[in-house]
Amino acid sequence: MPLPPDSASPSPDSAPVFRVQVAVHTPVHSGVGGLLTYTHTTALPPGTLVRVPLGNRELLGVVWDSPADAEPVPNAQLKPVRSVLDGLPPLDARWRRLVAFAAQYYQRSLGEIALTGLPPALKDMTAEQLARRLAPKSKKLSKKAQAALDAQAVADAAAPAPALPPTIALSAEQQGVCAQMDQHPGPFLLYGATGSGKTEVYMQRVQQALLAATDTGFPTQALVMVPEINLTPQLLERFTARFAPQFGPQAVVSMHSGMTNPQRLKSWLAAHTGQARVLLGTRMAVFASLPGLQVIVVDEEHDPSYKQQEGARYSARDLAVWRARSQGAQVILGSATPSLESWHASEPADSGGPGRYLRLHMPSRIGAAELPRVRLVDMRQQPRKAVFSPPLIAAITERVQRGEQALVLLNRRGFAPVLFCADCNWKSDCPHCSAHQVFHKGDRTLRCHHCGFTQRVPHACPECGNPDILPLGKGTEQLEEELERLLRNVQRPDGNPARVGRIDADTTRLKGALEQQLDQVHSGEIDVLVGTQMVAKGHDFRRITLVAAVQPDGALFSSDFRAPERLFCLLMQAAGRAGRDGSYVAAQDSRPEMWVQTQDPEHMVFQALRQHDYPRFAQRQLREREDAGMPPFAFQALVRADARTQEAAQDFLRAASDAARQGELPHLDDVFLYPPIPMAMQRVADVERAQMLIEATDRRALQRFLHAWQPWLHWVRGQPQHKSLVRWLVDVDPQSL
DNA sequence: AGCACGCCGACT
DNA sequence: GTCGGCGTGCTC
């Protein structure tokens, strides 16, 4: 095969040849899952980005290793590196260590993790384009930014002590927490009520890190993670307002999946080169190259979105803790309702806990009203079929008449979760999934929320022709409609009729729609807001004084042992939306309230919520988990199989566990292999799904077992009797079962 | 994972 | 007669 004419074209046969081991984006199986060996005219430093041929395509890869000793003769079996992205500083050893750890821990290939940590735009960029990117684009601006950076570097060198006063005075509580963080290496679990001013603490810590002197001369950096894209803009604004004056207009950048490829590339390069000092982003940001990293903040650390649910199933929160420890950075996990894993890890050693994290408590709500009073409505005592109990409607009416706002939460979008024929029992089942198609009244469709399959609403029962097909159950769309009806004659203080609005994934599909609708709430155009959990998180609503969860019970029927924890977090967070602005509440002379309608008001989730008693809830949950041998007292992994039939999916899993037993894998006696079972959502888009739980009391035993098992799983998958398997995957530390 | 090659149905 | 479906196999 003729070699391409290229700048990196091969040297004459007599010249020495260096072997280069490169990580490329290939899965662990596929025969080329490991490092691939290429040749080059020089030894390339590890971390160098290169383009290499694989088959008939060219891939971006990261040099992982390149032995310094050359071989005299080129190896005809090996292809040369096509080109080297010089000009870009190699990714440092700490980043490579993080990637290596994540790849091993989550059972993926090095290249797969490495390439998810790199901006996609880098893949299809030539060395020239990259050089242009790295060079100052607008000379004036970047000179200025550079000058600011230089000035800062000079100032840092001259005055290494944090000389600048914090922009906002911290409360005694916040100062106390910061002082503890000065005395202790961390990790820290910052347990602070909603509105307790956790963000100010984060900013103080970030500021301190940015002002710290280093011996490398590389600018110090901070990584701040948030669970959702929606929450980045407002935090970005606060961090930019705080740090841009000191560290330059480019000092704060963000990174999340909603950005375009060029935007992501820009942020990544800024972080990699040290121009950016603060990187604010979602879980993907944990893999960003941050050579000067000094502090990591994981806000709302309990949030399940930190666990990636596709491809490499990593936990950005757990990796953040690992990354910080591995490179001597501080890490702060913050939450008003910490995950039970983190809560347990922060049980002090002197009371028998692991004491791995230092727990810091901020109980006071700064500038916010007192905690909302929780009112539990026993729905068994209320008129049947009513979504809104009369006392709740009366309370909402009263708030509206006083000019206050109410938030009504229901985690189910659409009008009704299913249509039903009373004559023949037909239900609007999705033909492709084991789920109902949801009735959306607005566009007269039946939609499956799992596979997207959409149909027009039939005028009569498709089975028996009965024209009276009925919506069963309630979704946000229906709640909005019913509230409009119930509040039709209610007037606001200004004499205008009450206005009801709705925010969920359906109303915010268009870009900018969420911001626009939030503005409507802020400006007071909307009096009662109906929404799914997307509005329960993070947003600051000044005038909302009443929050209601109308049907939270469903979440408790889940077989997942984490269901109570998730519901409790959600309700606590929702409660935190009420009375955010203490001065407003005081002026109104009202008390914020959280209403919960339930069939089981005695349930400990609701009782703990009523007391605002997270510690008690956590303690009881942890005791149950310990008794039942569940996380965080045990470690789990899940092997999942997808196939055309449930039988085929389970057959694969059974064969896999047989292989583990026959292969005499290490630690086989220390892990427990459960029998395969269908997933809770058994069929999605005509694919049957099964799963098998693996449990161990020792994390390392589980890790070693999984590692040894991996080749057996490939082998089983290759057997002819498992040809019909669509895919299989391993999920380490699964976050839902 | 991509991307080839390769062998069977509905269309210009 | 071609376009194109996705089954099998290979990539340092």
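Sequence lines set the chain letters: A, B, ... in the order given, protein chains first and strands last, and positions in each chain run from 1.
Comparing atom distances between the A:Lys79 side chain and each of C:dT11, C:dT8, B:dA1 picks out C:dT11 as nearest. You'll find that the side chain of A:Leu54 is closest to C:dC12, out of B:dA1, C:dC12, C:dT8. Looking at the side chain of A:Asn56, the nearest of the listed nucleotides C:dT8, C:dT11, B:dC3 is B:dC3.
Atom NE2 of A:His25 and atom C1' of B:dA1 are 7 Å apart (whole Å). A straight line from CG of A:Leu60 to P of B:dG2 spans 13 Å, rounded to a whole angstrom. Rounded to whole angstrom, the span from the CZ atom of A:Arg644 across to the C1' atom of C:dC6 amounts to 12 Å. Following rounding to the nearest Å, A:Leu78 (CG) and C:dC12 (C1') show an atom-to-atom distance of 6 Å. Nucleotide B:dG2 holds its C1' atom 9 Å from the CG atom of A:Leu59, rounded to whole Å. If you take OH of A:Tyr38 and P of C:dT11, they are 11 Å apart, rounded to a whole angstrom. Summarising the geometry, the separation between CD on A:Gln77 and P on C:dC10 is reported as 16 Å, rounded to the nearest angstrom. Rounded to an integer number of Å, the gap from A:Arg19 CZ to C:dC12 C1' is 10 Å.
Around atom CZ of A:Arg509, more than 12 heavy atoms belonging to other residues, nucleotides or ligands sit under 6.0 Å away. Crowding of A:Arg97 atom CZ: a count of heavy atoms from other residues, nucleotides or ligands under 6.0 Å exceeding 12.
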Inset, instruction - Kindly determine whether A:Trp715 and A:His29 satisfy ring pair (Phe, Tyr, Trp, His ring centres under 6.0 Å), including the steps that lead there. - result: CA-CA 10 Å; A:Trp715 177 80; A:His29 41 97; over 10 Å; no
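Nucleic acid contact class of A:Thr26 (heavy atoms, under 4.0 Å, all strands): none.
Classified by interplanar angle (parallel below 30°, tilted 30° to 60°, perpendicular above 60°), the ring pair A:Trp64/A:Trp95 is tilted.
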